[in-house]
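Structure, as structure tokens:
Below, chains carry the letters A, B, ... as their sequence lines are ordered, and counting in each starts from 1.
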2 protein chains.
Amino acid sequence: MSSAKRGRATNTAQTAGPEHATPNAPPHAGRAEHAVKVELTAVLVAVAGGEPRVMTLDEGRALPSGPFELAHRSLQAGLRDWVEQQTHHPLGYVEQLYTFADKDRTGFAGPDRSGGESEARTISISYLGLTREREPSEGGWRSWYDYFPWEDHRAGAPAVIGKVIAPRLHEWAQAEKGPKRAERLERARVTFALDGHAWNDELALQRYELLYEAGLVAESCRSGAKPGEVLPGEALAGRAMFADHRRILATGIARLRAKIKYRPVVFELMPPTFTLLQLQRCVEALAGRAVHKQNFRRLVEQQELVEETGATTSEAVGRPAKLFRFRHGVVAERAVAGTKVPLTRT
Amino acid sequence: MSSAKRGRATNTAQTAGPEHATPNAPPHAGRAEHAVKVELTAVLVAVAGGEPRVMTLDEGRALPSGPFELAHRSLQAGLRDWVEQQTHHPLGYVEQLYTFADKDRTGFAGPDRSGGESEARTISISYLGLTREREPSEGGWRSWYDYFPWEDHRAGAPAVIGKVIAPRLHEWAQAEKGPKRAERLERARVTFALDGHAWNDELALQRYELLYEAGLVAESCRSGAKPGEVLPGEALAGRAMFADHRRILATGIARLRAKIKYRPVVFELMPPTFTLLQLQRCVEALAGRAVHKQNFRRLVEQQELVEETGATTSEAVGRPAKLFRFRHGVVAERAVAGTKVPLTRT
DNA sequence: GGATATATGCTCAATGTGAGTATAGTTATG
DNA sequence: CATAACTATACTCACATTGAGCATATATCC
């Protein structure tokens, strides 16, 4: 066996053959490959002013992104390059979200959608990044509830769900019949907590996808809108984004909401010292729901994730609060173990 | 603005310009892109004979995989094509795992690693698939514990951990000093449950990565082995695989072990009817640890995921067991809610 | 000096969970 | 056919977790 036949990268062998007995030959070696474009996209999150913020470009219509290039050492390195170049904001904690390649979601054909002749495939690899805002109002940061107004349940369920979303999803379900109708109704009930179902903050992506399918967000009518579907009312839709960036944002929100419940990642979003209420507000901003104050403290303290600095603060009215900092040793341990969050039942 | 400028796919615009004010222009439009190869890889899992099996090719050295092609409608569709073509096994439940692109992990240069001049980038998108084995001993299926012998704790911690892994990881840690040594020791303790730490079955990937870094698996010495690292002893290593397929497999195992604890996916692996013990054995095979029998039944029943068929079976000795089937309605609901698994403390 | 607001400590009930005991219904074997 | 061996299934118990609420402490504001 020639050494040329086992190049370093997968699939470099150019000839098909019966050499399957070689220890390391990929089973499909020799087939022709097709190149596609690879796009890196970042959901960069910070919390400031009690709001969960996401870094955007182009007047809030796009997430930081750029093509994966040969010069990049790795996917993450490529992403860091793009984000730092586009936003001048350094990237801290980063984790991969999802890789999308749906044909009809990447495009953004409007009423005048141009022909699809040069149908190049684009694969979009998305990442979640966590950081702190540096200057008070650095450009580009927007509350993610601008894009998903129905996701903020900190002061109870938003009116838009009962007044607009529920009835229109109901119409959408009625457009089907039999088991398909029942299925649509059930999806709507579970994801939007209708008819007594409990609100599940981690279903942010499923909710967006449901609205997309039902034709209730602006992105629906770009290319995938089926005839007969309800068309979007701007009041409902929340802010739209370029291509499938809002879907990627929803994926990031869902992932982060799930993650804060079992891994101590809130730290990445907090200043060096903070009060327990600030920490709670941060969690509430992300989860989009209220947290039981006393139980939150109990949890944080019993997990030994924080320690007192000795100092106190009295920036607002009321009894001054102790300042805490994270215990980096414990945080590192727990990065692999568990952390939880106590919610309020109502 | 010309319609040519807003093609359907992301980044088709070829000229840079000041048109940032257009509603949908990607912020980096106009930059040159670089093509890379995209590889789809499947971790296809079944449970048979009380063992968790994974579908392999090439004498167990590779996972089913193939390049993403223009003809594929989507990433999943491409994956299904490849798997069905290579294994003749239909694919049921599928979920995306991770997208890898590390330069020094995709290759497999042995002692005679060929030059890296044509350094094409390969991105590898991996998926987890769940099915049932069809015929008794269809080719290609192997126990995943052949690849990760240290992961099977159903009959207690495997001897290899105490006898081989722990001492060699200790040596590896001693090669560093100061905080780095402490860090290595702590990683070893937490992931391999040394010094009284509890075994966490979901850390399969972290364990493999640790062994890889420590030079204790065969894959370590292909390209990334640093001088001064311990070299692999074959007894320890478990079965090796082509390129980074074993890492992908570890990712799949970790994901599946986490998933069965909160989502009813075991169903995909079970025959239409089964006894509760069979269901338990399936979960145990996946989790790699023993489950408390009575509590397992309590959990399964209280979650109303199964219903009696009315029939009983008496294939082995002992009191005949009732046969159950999954309640597909509830399963569909819970696909979004929760399911849990009671473990045994020891 | 209230009124008001936040901080913080403590109790309680309901539920979840790991574990053990007891009993029932089979097959294998002498 | 009695008994051993084994699996199925029911029930109990101790303890940890968790959602909720009450009580008290210490500030600011008017």
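A donor N or O paired with an acceptor N or O is not found under 3.5 Å between the base of D:dA27 and the side-chain atoms of A:R319.
The distance between atom CZ of B:R281 and atom P of D:dC6, rounded to the nearest whole Å, is 13 Å. Remark: C1' of C:dT26 and CG of B:L277 are 14 Å apart, rounded to the nearest angstrom. When rounded to the nearest whole Å, the span between NZ of B:K293 and P of D:dT9 equals 9 Å. With rounding to whole Å, B:F296 atom CZ is found 17 Å from D:dT7 atom P. In this entry the distance linking CG of A:L299 with C1' of D:dT17 reads 10 Å, nearest Å. When rounded to the nearest whole Å, the span between CD of A:Q278 and P of C:dT6 equals 13 Å. Distance, A:F274 CZ to C:dA7 P: 14 Å, rounded to whole Å. Atom CG in A:L323 sits about 17 Å away from atom P in C:dT6, given to the nearest Å.
Ring geometry, B:F148 versus B:Y208: the interplanar angle exceeds 60°, so the pair is classed perpendicular (tilted spans 30 to 60°).
Here the side chain of B:A321 is nearest to one of C:dT8, D:dA8, C:dC12, namely D:dA8. In this structure, the nucleotide among C:dT27, C:dA19, D:dA20 sitting nearest to the side chain of B:N295 is C:dA19.
Between A:Q294 and A:R298, the one whose closest nucleotide on DNA chain D sits nearer the 5' end is A:R298. The 5' end of DNA chain D is approached more closely, in terms of each residue's nearest nucleotide, by B:E301 than by the other of B:E301 and A:P320.
Closest heavy-atom contact between A:R132 and A:F267: NH1-O, 3.3 Å.
In terms of modelled atom types and a separation under 3.5 Å, the side chain of A:R325 and the main chain of A:P272 share no donor-acceptor contact.
One finds no salt bridge joining B:R289 and B:E284 here, because no Lys/Arg side-chain nitrogen approaches an Asp/Glu carboxylate oxygen to under 4.0 Å.
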